[in-house]
Amino acid sequence: MKLAVDSQSKHAHLHGVDFSGTPQQLADQLSAYLARSAVERDIAGGTPYEQRQAVRDSGLLKLLIPEAYGGLGGSWLEIYAIIRQIARVDSSIAQVFAFQFLMLTSIRLYASQAQWQHYYRLTASQNIWWGNALNPLDNRTIARKVAGGYQFTGQKSFCSGSMDSDYMIVSAIEERTGKFLVAAVPTDRNGIRLNGDWDNMGQRQTDSGSAEFDRLLVNDNELLLDPGPLSSLFASLRSLVAQLIFTNIYIGLAEGALQDGVKYTSGNSRVWSGSLAQTIQEDPFTLLHYGEFWSGLHASAILADHAASLLDKAWQQDLALDETARGELALAVFSAKVQATRSGLDVTSRIFEVAGARATTAKLRMDRYWRNLRVYTLHDPVDYKLKDLGDWALNGKYPTPSFYA
C-alpha cells in the first residue's frame with residue numbers, strides 16, 4: 001500500500017478538511033469530521049453532499065484499486081477495518097463508502113481484463129464514486145437488444161449510493177433469454193431517473209431509494225459479460241464481499257453505541273437506590289451488562305477479521321480458487337454475520353438499561369444506532385445463513401454460491 005496520499009481537494013472550503021497522510025490517517029480525519037454532524041444529519045435524512053465530497057477528497061475511494069492502476073492497493077482486512085471505523089460514527093456514509101468497493105468488486109469479477117483495468121484506472125484518476133442499481137432480486141428492469149447494445153427499461157429498488165454518484169452498476173433481464181445482464185454506465189446518462197424516495201427509519205442518508213430506466217442505452221462494451229456473474233468460484237466472491245461489508249458495518253454501529261453508552265454512563269448515569277455500590281463504575285449489574293456487550297462485540301470483531309484474512313487469500317487465488325477455500329470462507333463470513341447481528345442488536349437495544357432514562361433524550365439521538373442496525377440487518381434474512389451453517393455442521397455441505405451466499 002502507498003504510505004501517503006497527497007491532498008488534491010478542490011472543495012476543501014466545503015468541509016474544511018485538508019486530508020493528508022496514510023490511509024489510516026485519512027480514515028481518522030474523515031471519521032472525526034463525520035462525527036461532528038452525524039446527529040443532525042440523521043434527523044435531516046437526504047443526500048449528504050458535503051460529506052460525500054469529503055470522502056472523495058480523502059482519496060479513500062480508490063483504496064481497493066492496486067497501485068499499478070493508480071490506487072492505494074489496500075487489503076480487504078484494511079478496507080473492512082476502515083469501513084467499521086466509519087460506521088462507528090456514521091453508518092450511512094459507511095454503507096455508501098463500502099458499496100464503492102462492492103461495485104469495484106463487481107467490475108473486477110464480472111468484466112474482461114481490458115474492461116476492469118479501464119474502469120480501475122478511470123476510477124483512480126478521476127476519483128469516481130460508484131452507485132448501485134444491481135439488486136438481483138428486483139427483476140422489473142428489462143433489456144431489449146438494439147444496434148450496438150441494449151435498452152434498459154424498468155425500475156430498481158434499494159439503489160444505495162446512487163444519488164451523487166458518477167457511475168452506476170445496473171442490471172436487467174434480457175427479454176428474449178431471461179439472462180441476467182450487468183453493466184457499468186455514467187449516472188448522468190439520459191434514461192436514468194433517481195427518485196430520491198428513501199425515507200426509512202434508519203440508514204437515512206444512504207439514498208437507498210428507487211431508480212427508473214426509460215430506454216437507457218447500454219453499449220455492448222459497457223456490459224460486464226466476460227466472464228460475467230457467478231461464472232466461476234472466483235466470480236462468486238462478490239456475495240461474500242457484500243456479506244462481510246454488512247457484517248463490519250453492523251459491528252461498527254454497535255461499537256459506536258457502546259462508546260456513546262460508556263461516555264454517557266460515566267458522566268451522567270446514577271447508581272440505583274438499591275445498589276450497595278458508591279459509584280456507577282462499581283455497580284455490579286452495570287459491570288455485568290457492559291461485560292456482556294464487550295464480549296459479544298469482541299467475538300464479532302475477531303470472527304470478522306478472520307473472515308477478512310481468508311478473503312484476502314481467496315482474492316489472491318483468482319481463478320485457481322477451489323471449492324474448499326471458497327466454502328471455508330463462506331462459513332467464516334456467515335458465522336461472523338450471525339454473531340454481529342445478534343450481538344449488535346443486543347447492544348444497541350439494551351444500552352439504555354445501563355445508560356438510564358435520561359439517555360433517551362432526543363438531542364442525543366442514541367436510538368439511531370438501533371434504528372440503523374435494525375434496518376440494515378433486514379437486508380437479507382440471517383436465518384438463511386444459519387441454515388447454511390447448519391447444513392455444514394450436520395451434513396458437511398458448503399454453502400452453494402449465489403448472489404447472497
Side-chain angles (χ1 to χ4, degrees), residues 1 23-24 27-28 31 60 63-64 74-102 104-105 160 203 236-259 292-316 325-348 369-370 372-386 388-389 392-393 398-399 404-405:
M1 176 181 287
Q24 183 56 61
D28 293 343
S31 297
L60 290 172
L63 185 57
L64 174 65
S75 69
W76 281 112
L77 187 61
E78 294 167 317
I79 291 168
Y80 284 123
I82 289 176
I83 291 170
R84 193 189 306 170
Q85 177 181 351
I86 294 173
R88 291 184 196 124
V89 299
D90 189 334
S91 59
S92 287
I93 294 293
Q95 180 178 334
V96 294
F97 172 68
F99 270 41
Q100 168 82 356
F101 308 118
L102 183 57
L104 290 173
T105 293
S160 299
Q203 294 299 93
S236 77
L237 288 181
R238 182 195 185 274
S239 59
L240 300 183
V241 169
Q243 293 294 318
L244 204 49
I245 282 174
F246 307 151
T247 300
N248 279 278
I249 294 177
Y250 299 170
I251 296 170
L253 263 167
E255 288 175 342
L258 184 60
Q259 289 175 353
E292 290 176 332
F293 297 157
W294 189 88
S295 63
L297 293 184
H298 186 57
S300 299
I302 289 175
L303 288 172
D305 289 345
H306 170 63
S309 295
L310 292 182
L311 176 59
D312 274 321
K313 293 178 182 178
W315 193 259
Q316 294 302 318
R326 203 275 179 189
E328 292 297 320
L329 171 59
L331 295 175
V333 171
F334 294 177
S335 297
K337 186 180 182 183
V338 169
Q339 171 66 20
T341 300
R342 290 178 166 177
S343 63
L345 289 172
D346 180 58
V347 171
T348 55
Y369 296 108
W370 178 84
N372 289 334
L373 189 58
R374 182 66 281 182
V375 166
Y376 207 1
T377 51
L378 297 174
H379 179 279
D380 59 296
V382 74
D383 289 349
Y384 284 88
K385 301 298 177 288
L386 287 165
D388 285 337
L389 292 170
W392 165 255
Y398 287 127
Y404 292 92

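Side chains are part of it too, since the values below use all heavy atoms of this structure and drop only hydrogens, waters and symmetry mates.
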Are Trp76 and Trp315 side-chain neighbours, meaning at least one heavy-atom pair lies under 4.5 Å? yes

Between Leu303, Leu240, Leu386, which is the residue that forms a side-chain contact (heavy atoms from CB on, under 4.5 Å) with Phe334? Leu240

Validation row: Gln95, Ser160 side chains within 4.5 angstrom (heavy atoms): yes

Please step through side-chain contact (heavy atoms from CB on, under 4.5 Å) for the pair Asp380 and Lys385, ending with a clear verdict. CA-CA 9 Å; Asp380 59 296; Lys385 301 298 177 288; 2.7 Å; yes

Is there side-chain contact between Leu64 and Ile79, with at least one heavy-atom pair below 4.5 Å? yes

With distance as the sole test, does Ser31 use its side chain to make a donor-acceptor pair with the main-chain N or O of Ala27 at under 3.5 Å? yes

With a 4.5 Å heavy-atom cut-off, do Tyr80 and Ile245 have their side chains touching? yes

Parallel, tilted or perpendicular: which one describes the rings of His379 and Tyr376, with boundaries at 30° and 60°? perpendicular

Rounded to the nearest 0.5 Å, how far apart are NE2 of His298 and CG of Leu258? 13.0 Å

If we ignore hydrogens and angles and just use 3.5 Å, is the side chain of Gln203 paired with the main-chain N or O of Ser91 as donor and acceptor? yes

Report yes if the side chains of Phe246 and Lys337 come closer than 4.5 Å at any heavy-atom pair, otherwise no. yes

Between the main-chain N or O of Arg238 and the side-chain N or O of Thr105, is there a donor-acceptor pair closer than 3.5 Å? no

Any side-chain heavy atom of Thr247 sitting closer than 4.5 Å to one from Gln339? no

Considering residues, nucleotides and ligands other than Arg374, do more than 12 of their heavy atoms fall under 6.0 Å from its CZ? yes

Do the rings of Phe97 and Phe101 sit parallel, tilted or perpendicular, given the 30° and 60° boundaries? perpendicular

Taking the side chain from Asn248 and the backbone from Arg84, do they hold a donor-acceptor pair closer than 3.5 Å? no

